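Take a look at the structure set out below.
This is a predicted model, so every value here is computed, not measured. Numbers restart at 1 for each chain; the letters A, B, ... are given by sequence-line order, proteins then strands.
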Amino acid sequence: MNSTTREARRIYRSLTYKKVLLIVGLSIMILVSTLVNLFVGNADLTLGETLKGLVMKADAVSNFVIWDLRMPVAFSAVFIGGALGIGGCEMQTVLRNPMASSYTLGLSSAASFGAALAIVLRISIVPGVGNLLVTLNSFVFSLTAAVLIHAFSRKKDSDRSTLILFGIALNFLFSALTQILQYVANESDLQSLVFWSFGSLTKVGWPKLWVIIIVTLLCLAYFGKNAWKLTAMALSDESAQSLGVDVQKTRRNTILVIAFLTATAVSFAGTIGFVGLVSPHIARILCGEDQRYFLVTSALVGSLLLSVASILSKTLVPGTLIPVGLVTSIIGIPFFVMLIFKKKKGYV
Amino acid sequence: MISIENLSFQYDEHPVLANLCLNIREPLNIIVGPNAAGKSTLLKCLFGLLPAKGKMAWKGVSFSEMTKVERMDLMVYMPQHDVGQTALTVFETVLLGKLGSLSWKVRDEDLEITLNALKELGIENLAKRYMHQLSGGQRKLVSIAQILVREPEIILIDEPTNNLDMQKQLELFTIIKEVIAEKDIMFVIVMHDLNLSCRNADSIIVLNQGGQLYDQGAPREIITKKMLRDVYGIDAYVTVDDNDVPLISPICSLGKKQKKDHYS
């Protein structure tokens, strides 16, 4: 090996080793927060009882609380947080816009409308689904929005700004439609509709959790496979094109995959704000935009944020479970303001 | 040699290039012409970003016979606007030039080529800096390094001296000439600054409004009072310095009306 190769390797290593450390560190923090998440909750379990429950040696009630109530919440915090982090990271990359998140293009308001249709009018898109009516409806509507965006972005002259504007238009459309339903809904439907839109991890049980885990990992693998292409997208459309990236196609497909991921997360847990917006910003500051690390770090930051928010939602007001979506928004707002006043890496 | 025959392109019925015929054969070719003469469009058509009608060929091989990958290997295009304010380090940005061969594990060869390109341009000390920490001139050099790692035969650059101070403009051409001296690469560059073009170009290609070739050749032959009047619609003194390089000193515009008369 000659000296240039050695030197090049040294530079490259010095760029990457910190990022690897960062990923290891975040993973450990997520592990810790997940454990803590298992130990806090409304049911009065002592430390010892929880430990016993974890190894399945406690009484049936404690086992149930640990395995069927707390564990799905703890894990869905990690994976839904990760999904939102991934979605936000890629949305900000392909739209090259610091305000983008998985919800930017109206995907979540479409999901809300789907849920509202199910709750208020009991109209199902997929017949004979029973309990899954609300979930499936919101999923289908979210994907419908995605397909509309996909079709729109196939237009020859559509670019980032027209896409964002189209997304905003969809957002307004679905919000208005939801409001109409709210207007005609009776009191109890209205209440469940409002509760649905809060965003909460308690409605995710084991079966849904598995779906989320699989979808999140699949999408992570898809984006990971395209990591360098997506890194090139961060430069500029023309630069990426001159490097040989089919910019429009990459953007279109990325949005479709994000939509699938977001639709899954939103239909199972409702809208959980700010995680998707904030995680990529934190990740960018910590490790830059080399997608191999940026993507993973965004996912991990998202996981950690939602995991911590989930703990807070159980402990902030003792004895009361605050919907986790409210907690993330309340943590998110100060951060959002900070973001506006501080110069951020990458988007100045 | 790049040969272009009957190249036409139009944006929404509005012709930008009309039956352009042109041979490009010198190492350093500079395309000049007024606004809307289709200079940038010509570069994009050559690179394949815009679908144009007509024939284009390199050393006798038609572009239409090449695969997309072959064409990408043959030439690179550096857009007018540079790579932007990303949170990527200089090393990562230049490494992206090797996009075709990059995977999760980066090969040693690609790392080495990247470092060599940085060294060639004397910016290896910037390797770990973020792109958004650089000045405009430094970012231009990074863009050029990114192009060099691709080891093309033709380099197309759109207005590289935009937003650069005079020293940086001159240094940029020094670097381009060094690259030409070392490697067998053809540069096709779009420029607005005629004096800078005259000093550096082996061949100047003048495009007329409407995307037609007005004239082409060595600066001394091309830059004339008549050309400036016909193409740019200006009155100017043209003198020649000791190195036989023409110098232009513009006097005044001949006005829109008069300019139109020249075309009719």
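- Between the side chain of T328(A) and the backbone N or O of G273(A) there is at least one donor-acceptor pair closer than 3.5 Å.
- Both the backbone and the side chain of E7(A) come within less than 4.5 Å of a heavy atom in chain B.
- For a residue to count as touching a neighbouring chain, one of its non-hydrogen atoms must lie under 4.5 Å from one of that chain's; by this rule Y77(B) touches chain A with backbone and side chain alike.
- Residue L235(A) holds its CG atom at 8.0 Å from CZ of R96(A), rounded to the nearest 0.5 Å.
- When heavy atoms are compared at a cutoff of 4.5 Å, K68(B) approaches chain A solely by way of its side chain, counted from C-beta outward.
- Looking at L95(B), the atoms closer than 4.5 Å to chain A (heavy atoms on both sides) all sit in the side chain, from C-beta outward.
- Although no hydrogens or angles enter the test, the distance criterion places no donor-acceptor pair under 3.5 Å between the side chain of R252(A) and the main chain of H150(A).
- Atom CZ of F63(B) has more than 12 neighbouring heavy atoms from other residues, nucleotides or ligands inside a 6.0 Å radius.
- Contact annotation for L243(A): both backbone and side-chain heavy atoms come within less than 4.5 Å of a heavy atom of chain B.
- Using a 4.0 Å cut-off between charged nitrogen and carboxylate oxygen, R292(A) and E92(B) do not count as a salt-bridge pair.
- Across I80(A), L306(A), L304(A), a single residue satisfies side-chain contact (heavy atoms from CB on, under 4.5 Å) together with V275(A), and that is L306(A).
- Contacts with chain A were tallied for V69(B), V106(B), V76(B), T114(B); V106(B) has the most, counting heavy-atom pairs under 4.5 Å.
- With chain B as partner, the option from C287(A), A240(A), G224(A) having the largest number of non-hydrogen pairs under 4.5 angstrom is G224(A).
- Of the two parts of L49(B), only the side chain, counted from C-beta on, holds a non-hydrogen atom closer than 4.5 Å to a non-hydrogen atom of chain A.
- Classification of the Y130(B)-H132(B) ring pair by plane angle, with boundaries at 30° and 60°, yields parallel.
- With a 4.5 angstrom heavy-atom cutoff, R150(B) touches chain A only via side-chain atoms.
- Within the 4.5 angstrom heavy-atom criterion, only side-chain atoms of S14(A), from C-beta onward, approach chain B.
- Interface residue L99(B): only side-chain heavy atoms are found under 4.5 Å from chain A.
- Only the side chain of L115(B) comes within contact range of chain A, judged by heavy atoms closer than 4.5 Å.
- Both the backbone and the side chain of A232(A) have a heavy atom closer than 4.5 Å to some heavy atom of chain B.
- Between Y12(A) and F91(B), the ring planes lie tilted relative to each other; the angle falls in the 30° to 60° range.
- Using a cutoff of 4.0 Å between basic side-chain nitrogens and carboxylate oxygens, R251(A) and D237(A) are scored as salt-bridged.
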